[in-house]
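Presented below is the structure to which this report refers.
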Amino acid sequence: MRLGRDFFARDVLRVAPDLLGKVLVRRFEDGRELKLAITEVEAYRGVGDQACHARFGKTGRNKVMWERAGLVYVYLIYGMYWMLNLVTGKEGEPQAVLIRGLKGVVPKSIEGSRWDGPGKVGKLLELDKSFYGEDVTTSCRLWVEEDNVKEDFFHIMVMERVGVEYAGEWARKKWRWKMKVQN
DNA sequence: TCGACGATTGCC
DNA sequence: GCAATCGTCGAG
C-alpha cells in the first residue's frame with residue numbers, strides 16, 4: 001500500500017528513520033518496475049540547519065522544499081549525479097529526506113543487491129530534472145509502499161551526515177540512519 | 001555576469 | 001590522491 005501525505009507531513013526526524021525498510025517503487029515507461037527497500041537516509045531540517053540547502057533561504061533550486069510533503073526534490077551534484085529527496089513536514093517549513101541507499105526486492109534478478117550511495121540511487125532509478133516536484137503520493141512512476149522487510153527494522157545505525165563538513169556543529173548531528181547489513 | 005564549488009563516485 | 005562535469009548561487 002502506497003504511503004500518503006500524512007506519512008510525509010511529519011517532522012523529518014521522524015519520517016527519515018521511518019522510511020527504512022519501506023519499499024520504493026520505480027515504474028518505467030516501458031512498464032518495467034523496480035521495487036527496492038530503503039536502507040539509508042539522511043534528514044535535512046529547516047533554514048537553521050547549516051547543512052541544509054534551505055540555509056540561505058528559498059532559491060530556484062530548493063524552492064520545492066517549502067511546498068507540501070511528499071513532493072520530490074531532485075538536484076544535480078558534481079554535474080553528474082541526481083540526488084533523490086522527499087519533502088517532509090508542514091508546508092512552509094523546508095525539510096527533506098535524502099535517500100542514500102537501496103536494496104533490491106523485485107524483480108528476482110535484483111533481489112538482495114545493494115545500491116549504497118545517493119549517486120548510485122539516482123542512476124539506478126534513472127532520475128532527471130523532470131522528477132523535480134513529482135508527487136510520490138500520486139505519481140505513476142515513483143512512489144513508496146509500506147514495508148515488507150520488517151525483520152530488518154530493528155537493526156539501525158545512527159550516524160553523522162556525510163559530506164557536510166562546512167556545516168560546523170550541524171555536521172555532527174546524527175541525522176543519518178542506516179540499516180545494518182544482515183548476514 | 002562571473003567563478004567557485006558541491007548532500008559523489010570511480011579510477012589512478 | 002584526484003579528476004570528471006555542469007547547474008546553481010552568492011558576490012561584485
Side-chain angles (χ1 to χ4, degrees), chain A residues 7-8 10-22 24 26 34 36-90 92-104 110 112-136 142 144 156-181:
Chain A
F7 178 89
F8 298 101
R10 298 174 293 142
D11 192 279
V12 69
L13 297 183
R14 290 196 176 276
V15 177
D18 276 1
L19 277 171
L20 292 179
K22 296 290 189 291
L24 186 67
R26 170 75 166 101
L34 295 181
L36 303 122
I38 296 172
T39 57
E40 185 178 345
V41 295
E42 270 179 4
Y44 288 89
R45 188 169 185 267
V47 294
D49 177 2
Q50 292 302 297
C52 182
H53 284 171
R55 66 189 181 281
F56 295 127
K58 198 181 290 190
T59 67
R61 180 177 67 166
N62 68 18
K63 61 182 187 293
V64 74
M65 294 183 79
W66 276 261
E67 295 186 40
R68 64 192 186 284
L71 298 193
V72 170
Y73 169 37
V74 287
Y75 66 91
L76 185 65
I77 189 74
Y78 296 108
M80 53 190 114
Y81 303 110
W82 287 96
M83 310 293 271
L84 173 61
N85 297 259
L86 301 176
V87 175
T88 70
K90 296 176 185 172
E93 291 182 7
Q95 303 185 340
V97 178
L98 171 66
I99 307 299
R100 296 186 54 89
L102 299 172
K103 186 175 76 173
I110 66 163
S113 300
R114 284 179 170 270
W115 285 265
D116 293 319
K120 295 175 192 172
V121 167
K123 185 179 178 192
L124 170 72
L125 301 176
E126 297 179 27
L127 301 180
D128 58 42
K129 193 170 190 172
S130 75
F131 282 83
Y132 190 87
E134 186 93 356
D135 188 342
V136 299
L142 187 67
V144 187
I156 296 174
M157 294 184 286
V158 185
M159 314 152 81
E160 293 180 0
R161 292 177 291 183
V162 177
V164 294
E165 304 315 314
Y166 57 80
E169 61 176 298
W170 292 87
R172 293 188 285 282
K173 296 279 186 190
K174 297 198 171 179
W175 287 356
R176 173 183 173 211
W177 293 266
K178 184 173 185 174
M179 283 167 100
K180 202 169 176 181
V181 178

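All values below were derived from every heavy atom in this structure, side-chain atoms included, with hydrogens, water molecules and symmetry-related copies excluded. Residue numbers begin at 1 in each chain, while the letters A, B, ... track the order of the sequences.
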Using a strict heavy-atom distance below 4.0 Å, which residues from residues 40-59 of chain A are in contact with DNA chain C?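 Within residues 40-59 of chain A, the residues near DNA chain C are Phe56(A), Thr59(A).
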
Would you jot down, in residue-number order, the residues of residues 160-173 of chain A having a non-hydrogen atom under 4.0 Å from DNA chain C?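 Contacting residues: none.
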
Name every residue in residues 75-83 of chain A that has at least one heavy atom under 4.0 Å from any atom of DNA chain B, in order of residue number, or write none if there are no such residues.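 Residues of residues 75-83 of chain A under 4.0 Å from DNA chain B: Tyr75(A), Ile77(A), Tyr78(A), Gly79(A), Tyr81(A), Met83(A).
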
Quick check against the 3.5 Å criterion: does [X] have a side-chain atom that pairs as donor or acceptor with the backbone of [Y]?
{"X": "Asn85(A)", "Y": "Val72(A)", "answer": "no"}
{"X": "Thr39(A)", "Y": "Leu102(A)", "answer": "yes"}
{"X": "Arg26(A)", "Y": "Leu125(A)", "answer": "yes"}
{"X": "Tyr132(A)", "Y": "Val64(A)", "answer": "yes"}

Pair Lys103(A) + Asp116(A), salt bridge at N-O below 4.0 Å: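 Result for this pair is no, no salt bridge flagged.
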
Are any of the side-chain nitrogens in Glu42(A) or Arg100(A) under 4.0 Å away from the carboxylate oxygens of its partner?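 Yes, this pair counts.
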
Could you give the distance separating dC2(B) and dT5(C) at their P atoms, to the nearest angstrom?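 Between the two P atoms, the distance is 23 Å.
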
Kindly say if Lys120(A) contacts the phosphate of dG10(B), meaning a side-chain N or O under 4.0 Å from OP1 or OP2.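 True: Lys120(A) side-chain N/O within range (under 4.0 Å) of dG10(B) OP1/OP2.
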
Can a side chain N or O of Arg100(A) be found less than 4.0 Å away from OP1 or OP2 on dT8(B)?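 Answer yes for this pair, as a side-chain N or O of Arg100(A) is under 4.0 Å from OP1 or OP2.
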
Salt bridge (charged side-chain N to carboxylate O under 4.0 Å, His left out) partners of residues 120-129 of chain A, not counting sequence neighbours, each pair once: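 Found Arg32(A)-Glu126(A).
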
For Cys52(A) and Gln95(A), what are the C-alpha separation, side-chain angles and deciding distance, and is it a side chain to side chain contact (heavy atoms under 4.5 Å, CB included)? CA-CA 8 Å; Cys52(A) 182; Gln95(A) 303 185 340; over 6 Å; no

Partner of dA4(B) by Watson-Crick or G-U wobble geometry, both contacts under 3.5 Å, or none?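 dA4(B) is paired, partner dT8(C).
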
Round to the nearest Å and state the distance from [X] atom [atom1] to [N] atom [atom2].
{"X": "Asn85(A)", "N": "dT8(B)", "atom1": "CG", "atom2": "C1'", "value": "14 Å"}
{"X": "Lys123(A)", "N": "dT9(B)", "atom1": "NZ", "atom2": "P", "value": "11 Å"}
{"X": "Lys63(A)", "N": "dC9(C)", "atom1": "NZ", "atom2": "P", "value": "9 Å"}

Please say whether the positively charged group of Arg14(A), taken as NZ for Lys or CZ for Arg, lies over the ring of Phe7(A), i.e. under 6.0 angstrom from the six-membered ring centre and within 45 degrees of the axis.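 No, cation not above the ring by the 6.0 Å, 45° rule.
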
Once ring-ring contact (aromatic ring centres under 6.0 Å, His included) is applied, do any residues pair with Tyr75(A), and if so which ones, sequence neighbours excluded?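 Tyr75(A) satisfies ring-ring contact (aromatic ring centres under 6.0 Å, His included) with His53(A), Tyr73(A) once adjacent residues are dropped.
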
Output all residues satisfying salt bridge (Lys or Arg N to Asp or Glu O under 4.0 Å) with Asp11(A), sequence neighbours left out; order by chain, then residue number.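 Applying salt bridge (Lys or Arg N to Asp or Glu O under 4.0 Å) to Asp11(A) gives Arg45(A).
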
